[in-house]
Structures are given as structure tokens and as C-alpha cells.
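Here the structure is laid out as C-alpha cells; the discussion comes afterwards.
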Amino acid sequence: QVQLVESGGGLVQAGGSLRLSCAASSSAFSFAIMGWYRQAPGKQRELVATMTTDGSTNSADSVKGRFTISRDNAKNTVYLQMNSLKPEDTAVYYCYAWRVGLGYWGQGTQVTVSS
């Protein structure tokens with residue numbers, strides 16, 4: 001019923017930037033929460049940042065000051081601007097959306113930060 005399509009991942013050198021985007025397949029739904037999680041090999045999936053429809057945010061301490069989340073409610077799209085990337089940011093980044101007690105996950109996009 002709902003598909004989340006991610007783009008923007010890739011390989012970047014330490015200190016560089018990437019911008020991720022995630023768009024819901026249908027504008028018929030609105031999501032109270034949209035955002036991003038990430039999972040590195042051998043590690044648990046963790047919160048990166050989320051945003052509600054009215055702009056409230058929640059983010060991990062490890063990315064504060066470097067990553068910025070934003071969303072376009074009319075387009076049902078959420079973005080993650082990642083600056084000052086570090087090798088420890090290397091992970092698969094997953095889009096997440098929630099409404100009316102149901103959560104949805106994207107397929108994930110690989111972000112690799114080289115030293």
C-alpha cells in the first residue's frame with residue numbers, strides 16, 4: 001500500500017557531504033512522522049533523525065550539528081542533508097514513515113565514507 005523510495009546514497013570522502021531523499025509512492029497519505037535510521041554491519045539499527053508534520057525533530061547526539069532533516073509535506077518527501085561526514089557514518093540508511101499506528105520502511109541506501 002505504501003512504498004518509500006530512497007535516493008542519494010553513495011561513496012564520499014571524509015569531510016564531504018551527501019543529501020538523501022525519500023518519497024512516499026502516494027500523496028493520498030500523510031505521515032505524522034518521517035525520518036531516517038541507519039545500520040552498520042554487525043551493529044543494531046539506530047535512530048538518525050525524524051520529523052513530525054509540524055516540524056518537531058528528534059535526532060541522535062552523534063549527528064547533531066552535522067546532519068539536518070527536512071520534509072516537504074505536500075510531496076510526502078523527507079530529506080537528510082549530511083555534512084562533515086565521518087567514516088563512522090558508514091551504514092545503510094533506511095527511510096521510515098509512521099501514521100495511525102503503522103510504520104513503513106524503505107529498502108535502504110548505502111552511504112560509505114572513506115578516510
Side-chain angles (χ1 to χ4, degrees):
Q1 295 294 317
V2 175
Q3 182 177 337
L4 303 177
V5 181
E6 300 143 319
S7 63
L11 191 152
V12 66
Q13 197 165 9
S17 299
L18 287 173
R19 182 175 175 85
L20 307 183
S21 65
C22 170
S25 60
S26 175
S27 60
F29 301 98
S30 62
F31 297 94
I33 302 171
M34 296 188 75
W36 300 90
Y37 288 70
R38 68 186 182 187
Q39 187 167 23
K43 298 186 66 177
Q44 187 174 342
R45 188 174 297 187
E46 65 176 357
L47 168 75
V48 179
T50 60
M51 180 175 284
T52 65
T53 52
D54 63 359
S56 297
T57 61
N58 187 29
S59 62
D61 289 341
S62 60
V63 308
K64 289 179 178 175
R66 300 187 299 120
F67 293 7
T68 302
I69 188 170
S70 61
R71 62 185 287 180
D72 184 335
N73 292 330
K75 298 170 66 176
N76 258 358
T77 301
V78 63
Y79 306 92
L80 186 69
Q81 178 66 47
M82 304 186 293
N83 298 327
S84 301
L85 282 161
K86 305 174 180 179
E88 51 262 45
D89 295 317
T90 295
V92 177
Y93 284 69
Y94 295 92
C95 183
Y96 176 78
W98 182 93
R99 69 180 299 272
V100 197
L102 296 176
Y104 305 90
W105 293 98
Q107 291 293 109
T109 185
Q110 177 70 48
V111 172
T112 302
V113 184
S114 66
S115 60

Over all atoms of both residues, closest heavy-atom pair of Cys95 and Glu6
N-OE2, 2.5 Å
Spacing of Arg99 atom CZ and Thr53 atom OG1 [to the nearest 0.5 Å]:
11.5 Å
Could you pull out the closest heavy-atom pair between Leu47 and Ala49, with the gap in Å?
CD1-N, 3.8 Å
Residue pairs passing the ring-ring contact (aromatic ring centres under 6.0 Å, His included) test with at least one member in residues 37-58, sequence neighbours excluded, are Tyr37-Tyr96, Tyr37-Trp105
According to salt bridge (charged side-chain N to carboxylate O under 4.0 Å, His left out), who are the partners of Lys86, at least two apart in sequence or on a separate chain?
none
Closest non-hydrogen atoms of Ala32 and Arg71, given as atom of the first, atom of the second and distance, are O-NH1, 3.8 Å
By the salt bridge (Lys or Arg N to Asp or Glu O under 4.0 Å) test, which pairs, at least two apart or in different chains, include something from residues 36-55?
Arg38-Glu46, Arg38-Asp89
Test of understanding: clusters of I, L, V, M, F, W, Y form through side-chain heavy atoms closer than 4.5 Å, transitively. Do Val92 and Val12 belong to the same one?
no
Taking every heavy atom of Ser17 against every heavy atom of Ser84, the minimum-distance pair comes out as OG-N, 4.4 Å
Could you tabulate the donor-acceptor pairs under 3.5 Å formed by side-chain atoms of residues 108-115, not counting sequence neighbours?
residue: Thr109; atom: OG1; partner: Gly9; partner atom: N; Å: 3.4
residue: Gln110; atom: NE2; partner: Ala91; partner atom: O; Å: 3.4
residue: Gln110; atom: NE2; partner: Thr112; partner atom: OG1; Å: 3.3

Is it true that Tyr104 and Ile33 fall in one hydrophobic cluster, defined by side-chain heavy atoms closer than 4.5 Å?
no
Can you measure from CE (Met34) to OG1 (Thr50) and round to the nearest 0.5 angstrom?
11.0 Å
Here the pair of heavy atoms bringing Thr77 nearest to Lys75 is OG1-O, 3.0 Å
Report the hydrophobic cluster partners of Val100, with the cluster defined as I, L, V, M, F, W, Y residues connected by side-chain heavy atoms closer than 4.5 angstrom, directly or transitively.
none
Quick one: CE on Met82 to OG1 on Thr68, what's the gap to the nearest 0.5 Å?
11.0 Å
Is Tyr93 linked to Leu4 within one hydrophobic cluster, defined over Ile, Leu, Val, Met, Phe, Trp and Tyr using a side-chain heavy-atom separation of less than 4.5 Å?
yes
Crowded around Gln13 CD? As in, over 12 foreign heavy atoms under 6.0 Å?
no
Walk me through whether Ile69 and Phe67 qualify under side chain to side chain contact (heavy atoms under 4.5 Å, CB included).
CA-CA 7 Å; Ile69 188 170; Phe67 293 7; over 6 Å; no
Qualifying residues under side chain to side chain contact (heavy atoms under 4.5 Å, CB included), relative to Ser7, sequence neighbours excluded:
Ser21
On a heavy-atom basis, the closest approach of Leu18 and Gly8 is CD2-O, 3.9 Å
Without swapping roles, check the side chain of Gln3 against the backbone of Ser25 for a donor-acceptor pair under 3.5 Å.
no
Can you check whether Val2 reaches Phe31 side chain to side chain, under 4.5 Å on heavy atoms?
yes
Heavy-atom check, side chain of Met51 versus side chain of Val78, under 4.5 Å:
no
